[in-house]
Asks: 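There's a structure below that I have some questions on.
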Amino acid sequence: MRFLLVSCSLVAAYAQGIVTDGATRADWPHYGGTQLSWRYSALDQINTGNVKKLAPAWVFQTGDYTDALQSTPIVVSGVLYLSSPRSQVYALDAATGQLLWQFKYPLPPASAAAGILTRPQNRGVAVGDGYVFLGTYDNYVVAIDAKTGHEAWKVNIDDSKHCGCIISGAPLVVKDKVIVGGTGGDGAHRGYLTALNTRTGRLAWRFYTIPGPGEKGNETWKGDSWKYGGGATWMTGSFDPALNLVYWGTGNAASDFYPGDRVTGSGRDIDLYTASVVALDADTGKLKWHYQEIPNDLWDFDSAYECILLDREVKGQMRKLLVHMNKSGLMFVLDRVTGQFLGAYSTVEVQTWISGITETGELVGRREPKVGSSTNVCPSPAGAKSWNQMAYSPRTGMIYTPNMELCFDVTANRQEPREGSFYSGGSWALKLAPNRTTYSHIDGWDAVTGKRMWTYAYKYVLLASILTTAGDLVFTGDPEGNFFALDARNGNKLWTFQTGAGHRGSAVSYSVNGRQYIATPTGWGTITGPMTSALFPEGDTWRGGSALMVFALPEESK
Amino acid sequence: MNRFLACLAMAASLEAQPAADRLKQGEDVFNKTCATGYCHAPKGGPGGGAPRLAARGFDEAYINATTTRGLPGTPMPAFSTVLNRGELSAVIAYVASLNGIAAAAGPAFGGAPGGGRGGPPQAMLPPEAIAGRELFTDSVRGFARCATCHEAGGVGISVASPISTIPADAAALRALATPHVQTVTVEGDSMPALMLSQGKQRTVFYDLTTVPPVRRTSEAAGIKVVDGSGWKHSAVIASYSDTELNSILQFLKAVVK
């Protein structure tokens, strides 16, 4: 059954000409493609007419098989930079896959049981000013010389033993700064963003997602709860050069499911600035605006995800927009100049956590976890969409999302905070949504109105990012190992290839000497991967691994 | 008489706890510590990020060892540094019960709190040292805390050499001389620096211009190093009061061998 939200019928016009260009071309220079995070390549050599001929060009095995290969490869001037879970970095010839250099970050001791909060994971590097920037499993930011692979500088931004946090997200290079977020939002920890000078590594600014005493917003926290309130910044933000604003999503408040020790009021703006999108001045890190998507997020719906920046006409007026989704499956459309709420639509089919959202963005009919008894809620902390990224095509005007139809049984528990320790304030177990035969889907949505233009259903879960291209193709992979292409206009499946391991990473496209490539990480894993595998009898056949597979059209047919 | 009986009951409760109470306490600990979804699921069932625990045929020795010491190479941590002894024995009994092992009435350890993450358990530190440890690692100060540059008692980042001598009081700590901090000039940029190594190919040092310090590896030619600098320890510890610094010194006295 599909729950329609009370939302916000935005009359949006499209094809007015692209004002802001978020497309990549030969290079894939940033985590989200460009700093606007479209995950859209303007390359069209590979297209709906010839994608059937797509074939492997080369494969790179990282050798780091401890967890899924989640990295988004970065490609600059024919060199591809890839990172693996234990903070290893590889520079490869993007045309041949030949290893140019490897940065061997010290591995965690084999005897170390990291605990869930500091489990090594890595989603990619950033490249700029001649350096490759790496955030590590023990909270260092490292600048590596992009030509030699030698370390240029290294700085610790927090003691992972004490904070229970690491850097798993890819850094974002903004002008002369590199900005990194961190994990820790389900622990007793106070989230922040850290900006370092790209050349020297010196601190440029730090923005705490939770204001301290005397700062505006601190009054939205009870007592000392602001010290341990979560608001982690564990994914990668976006940047609008024209507005000089950095946009970042912030995670849920901690403790996640029990609010009694942190909430002071009701209505809007509870436990600021968690569960929000924040806009910061790129030079100073000062807050320009915030929009809290889920006041008092009680479901671990974690608004830390990507911000897609696009310009579209809304109600007859050209607007600079920011489109953002959290784990609830609600897609928020905001004015990125002011943070004004313009509308929201839900991308899941089974939704019980709210009954709807008003035209002013107020959530109604909240189904909240209780102390002492279990509540079933859909979707789940595994996410309607997990951290894997959505994509936007300016050719179709659509946003492409991977969505899961999962629920959870949750019981809230009061917990004492202990800095750096787990602080979720509840116990829960993941469940399949009832009465279904398919548990995930890829959808094409009109980015602004939220009209679903097509859907592609899949029987298990989808946990890989989406790539879309000017060849009107949508690429992603499934846990069974299939990497496949859909027609971006209607969702028809056009091509598939069995890569030998499940997909939990982010594909990219680039070109070298006029030849277009599609590169995808392979290897099942992470926390959410095995959690969802366990829901299906076949799940134990979904394979880990750590290889980058790169495809191109055969030389004679391109 | 009544008072006598009450005393007897109290004494008994320190030594033994009924099996049902232990299991209830164990389930409570399990729900708050283990069944957090991202790790195990409630009742050790499916649907968590970590493996199912119920009906796995585990014996008590395995459950005890894994819970206490963790499973190296996996995210399963050693809970001996997180839970107190009473909580540990209760949660072990609970997981054993999920595997068909009946819980016996056992010792109900009163137990002091565990030590948190890393380092010796706080319970082993005198109270004034515990306060000092909190100040040493105080996150509220951001980078303006001791742990940004010093590791002691298993916490902090070892930028500076291990602390070997402890200043007598706050005034001595503020006045600490740092003759080993030099001035390095790289490509026209001069900075206070802690030298790590200086070779023909490269020079490695900490740039102390800002906190946190930045470990720089320079392959540039013509690096200039001169003794002395304008860097002052008093400036980086300015956020602490004398009372706080004295408390930190108590912590250092307890952990520095």
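A note on names: the letters A, B, ... follow the listed sequences, proteins ahead of strands, and every chain is numbered from 1.
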Asks: Quick one: of B:A50, B:C34, B:G48, B:A41, who has the most non-hydrogen atom pairs under 4.5 Å with chain A?
Replies: B:G48

Asks: Tell me, for B:P213 versus chain A, whether the close heavy atoms (under 4.5 Å) come from the side chain, the backbone, both or neither.
Replies: backbone

Asks: Quickly, which of A:L203, A:T194, A:V141 forms a side-chain contact (heavy atoms from CB on, under 4.5 Å) with A:V155? Name it, please.
Replies: A:V141

Asks: Under a 4.0 Å threshold between the charged nitrogen and the carboxylate oxygen, would B:R215 count as salt-bridged to A:E151?
Replies: yes

Asks: Which heavy atom in B:A93 sits nearest to a heavy atom in B:L23, and how many Å separate them?
Replies: O-CD2, 3.6 Å

Asks: Does the pair B:D21/B:K24 count as a salt bridge with the N-to-O cut at 4.0 Å?
Replies: no

Asks: How far apart are the closest heavy atoms of B:R56 and B:N99, and which atoms are they?
Replies: N-OD1, 2.7 Å

Asks: Please state whether the side chain, the backbone, both or neither of B:V211 comes within less than 4.5 Å of a heavy atom of chain A.
Replies: backbone

Asks: Please say whether the positively charged group of A:R86, taken as NZ for Lys or CZ for Arg, lies over the ring of A:Y105, i.e. under 6.0 angstrom from the six-membered ring centre and within 45 degrees of the axis.
Replies: no

Asks: Could you check which of A:A534, A:G426, A:P530 has the highest count of heavy-atom pairs closer than 4.5 Å to chain B?
Replies: A:G426

Asks: So which residue, A:L432, A:L406, A:D300, ends up with the most heavy-atom pairs under 4.5 Å with chain B?
Replies: A:D300

Asks: Does the ring center of B:Y38 lie less than 6.0 Å from the ring center of A:W428?
Replies: yes

Asks: Name the option with the most non-hydrogen atom pairs under 4.5 Å to chain B; the candidates are A:G529, A:A152, A:G425.
Replies: A:A152

Asks: Which bit of B:D189 comes within less than 4.5 Å of chain A, counting heavy atoms only: side chain, backbone, both or neither?
Replies: side chain

Asks: Measure distances from A:R206 to the heavy atoms of chain B and classify the residue's part below 4.5 Å as side chain, backbone, both or neither.
Replies: side chain

Asks: Decide yes or no on side-chain contact (heavy atoms from CB on, under 4.5 Å) for A:Q415 and A:D261, but give the supporting numbers first.
Replies: CA-CA 9 Å; A:Q415 209 177 346; A:D261 293 326; over 6 Å; no

Asks: What part of A:F408 gets closer than 4.5 Å to chain B, counting heavy atoms only: side chain, backbone, both or neither?
Replies: neither

Asks: Among B:H40, B:R145, B:K43, B:R52, who wins on heavy-atom pairs under 4.5 Å with chain A?
Replies: B:R145

Asks: Testing A:L117, A:T136, A:N139 for side-chain contact (heavy atoms from CB on, under 4.5 Å) with A:S160, which one passes?
Replies: A:N139

Asks: For A:K161, does its backbone N or O pair with a side-chain atom of A:D159 as donor and acceptor, under 3.5 Å?
Replies: yes

Asks: Can you tell which part of B:R202 gets under 4.5 Å to a heavy atom of chain A, answering side chain, backbone, both or neither?
Replies: side chain

Asks: A:F257 versus chain B, heavy atoms under 4.5 Å apart: side chain, backbone, both or neither?
Replies: neither

Asks: So which of A:L535, A:D409, A:T528, A:D158 has the biggest tally of heavy-atom pairs under 4.5 Å with chain B?
Replies: A:D158

Asks: For chain A, which candidate among B:D207, B:T36, B:V140, B:T33 shows the most heavy-atom pairs at distances under 4.5 Å?
Replies: B:T36

Asks: Decide side-chain contact (heavy atoms from CB on, under 4.5 Å) for B:L83 and B:V91; before the verdict, give the C-alpha distance in whole Å, the side-chain angles of both, and the deciding distance to 0.1 Å.
Replies: CA-CA 10 Å; B:L83 300 175; B:V91 80; 4.2 Å; yes

Asks: Under 4.5 Å from any heavy atom of chain B, what part of A:D186 do you find: side chain, backbone, both or neither?
Replies: side chain

Asks: Judged by atom type as modelled, is there a donor-acceptor pair below 3.5 Å linking the side chain of B:E134 to the main-chain atoms of B:A131?
Replies: no

Asks: Answer with side chain, backbone, both or neither: which region of A:K431 has an atom nearer than 4.5 Å to a non-hydrogen atom of chain B?
Replies: neither

Asks: For the interface with chain A, which of B:P212, B:C39, B:G156 has the highest count of heavy-atom pairs at distances below 4.5 Å?
Replies: B:G156

Asks: So what's closer than 4.5 Å to chain B heavy atoms on A:T200: side chain, backbone, both or neither?
Replies: both

Asks: Heavy atoms only, distances under 4.5 angstrom: which of A:H189, A:R414, A:K154 has the most pairs with chain B? Name it, please.
Replies: A:K154

